Amino acid sequence: MKRLVTAGQPEGAVMAARRSGRGLALRARFTWLGALLTKPQAKLTELKAYSKELRAKFTELRAYSKELRAKFTELKAPAMLLLALVSSDATAQQFDQVGSNQIHYAAIETTFIADEVATRFGLERRPGLGMVTVSVLDANGESRNVAVDGSIADLNGRQPRPLAFRRLREASGGISSIATFPIDYAAPMRFQLDVQLDRNASPHPVSFIQRFYRDE
């Protein structure tokens, strides 16, 4: 078979030109394929970096959440001591805001005290025996060690009986002052408390009335 040769151009030059053209085409295709492969790799690298950033943010948020939980526990621990003394169906606690201090107080029948709490603090539980509890929290929610005194009487303030307070301390730092008293189911009882917030000032008076009902 005869080979076709371009006029005025040697056969070797034609073949070289063809090979060069094929080489350029192949290189162009490889460049195109390389660009296609590079794009997913770049995206994958970008996603890996973003995933690493998200993990770092998550770790940071988890550490912050742990710090908040610790702070919440620290602030609420003193108040929780007062709440732990009673069952969920006992009389709700009350408080007076005095400056930056909160005076939390409650009067309950000792049968409402949870068994484990009574055992831990050596508290007597029986019908007809009441307990008044007082806790003082400062502006930071931390428990204050203050002196508490007081008495109970009828609605007219007659026949006052003194209350002998003692302190309960939790390992977390919570402090409550408690005193027991015999319950009068026949009529409401008036509680008159004196809370010594400042040693150089008169005690702050706390007065409240509560009616107890016999558990049938």
Side-chain angles (χ1 to χ4, degrees), residues 67-114 117-118 120-125 129-185 187-213:
E67 181 182 348
L68 284 180
R69 285 196 301 269
K71 193 64 178 176
F72 178 81
T73 302
E74 177 186 345
L75 293 178
K76 293 301 179 182
M80 290 306 293
L81 173 60
L82 177 63
L83 295 176
L85 291 175
V86 299
S87 305
S88 60
D89 54 350
T91 303
Q93 65 166 326
Q94 310 165 74
F95 75 90
D96 285 358
Q97 185 75 42
V98 184
S100 60
N101 298 284
Q102 283 188 353
I103 304 175
H104 293 255
Y105 55 92
I108 60 170
E109 189 164 3
T110 54
T111 52
F112 284 109
I113 300 175
V117 175
R120 178 160 39 123
F121 291 104
L123 305 175
E124 183 181 1
R125 299 172 67 250
L129 181 65
M131 175 181 292
V132 59
T133 67
V134 181
S135 290
V136 178
L137 305 180
D138 63 17
N140 297 318
E142 296 181 356
S143 187
R144 290 194 56 193
N145 185 10
V146 300
V148 180
D149 198 2
S151 62
I152 54 174
D154 60 19
L155 285 180
N156 297 317
R158 294 189 298 261
Q159 301 175 341
R161 289 169 287 176
L163 292 168
F165 281 92
R166 68 183 180 94
R167 291 185 181 89
L168 298 182
R169 296 176 181 268
E170 273 280 344
S172 61
I175 303 173
S176 285
S177 296
I178 67 166
T180 57
F181 57 90
I183 292 176
D184 182 2
Y185 295 107
M189 305 180 69
R190 181 186 295 276
F191 293 80
Q192 184 63 52
L193 309 177
D194 292 318
V195 183
Q196 192 72 52
L197 298 175
D198 187 345
R199 294 180 181 179
N200 299 319
S202 300
H204 178 78
V206 175
S207 181
F208 65 98
I209 297 172
Q210 187 160 322
R211 178 72 184 266
F212 293 90
Y213 296 92

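Side-chain atoms are counted along with the backbone in the values below, which use heavy atoms only and exclude waters and symmetry mates. Given the structure is predicted, the values throughout are model-derived calculations rather than measurements.
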A side-chain contact here means heavy atoms from C-beta on lying under 4.5 Å apart; do Tyr105 and Val148 qualify?
no

Students often mix this up, so state it plainly: with edges at 30° and 60°, are the rings of Phe191 and Phe181 parallel, tilted or perpendicular?
perpendicular

Heavy-atom pair with the smallest gap, counting every atom of Leu123 and Val117:
CD1-O, 4.5 Å

Examine distances only and state if a side-chain atom of Arg169 and a backbone atom of Ile175 form a donor-acceptor pair shorter than 3.5 Å.
no

What are the two closest non-hydrogen atoms of Ala153 and Pro160, and how far apart are they?
CB-CA, 3.8 Å

Rounded to the nearest 0.5 Å, what separates atom OH in Tyr185 from atom OH in Tyr213?
12.5 Å

Between atom CD of Gln94 and atom CD1 of Ile103, what is the distance when rounded to the nearest 0.5 Å?
12.5 Å

Residue pair Phe165 / Gly150: nearest heavy atoms and the distance that separates them:
CE1-N, 4.0 Å

Residue pair Ile209 / Pro188: nearest heavy atoms and the distance that separates them:
CG2-CB, 3.8 Å

Evaluate whether atom CD of Gln97 has more than 12 neighbouring non-hydrogen atoms of other residues, nucleotides or ligands under 6.0 angstrom away.
yes

Any Thr110 side-chain heavy atom under 4.5 Å of Glu124 side chain:
no

d(Met131 CE, Thr111 OG1) to nearest 0.5 Å is 11.0 Å

Any side-chain heavy-atom pair from Asp194 and Pro205 closer than 4.5 angstrom?
yes

Inter-residue atom distance Leu129.CG - Ile183.CD1, 0.5 Å rounding:
7.0 Å

Taking all non-hydrogen atoms of both residues, which atom of Ile152 and which atom of Pro182 are closest, and how far apart?
CD1-O, 4.5 Å

Check: Asn140 side chain, Glu142 main-chain N or O, donor-acceptor pair, under 3.5 Å:
no

When rounded to the nearest 0.5 angstrom, what distance separates CG in Leu197 from OG in Ser100?
9.0 Å

For residues Arg167 and Ser177, report the shortest heavy-atom separation together with the two atoms involved.
CG-OG, 3.9 Å

Interatomic spacing from CG in Asn101 to CG in Asp96 - rounded to 0.5 Å:
11.5 Å

Backbone of Thr133 reached by a side-chain donor or acceptor of Ser176 within 3.5 Å
no

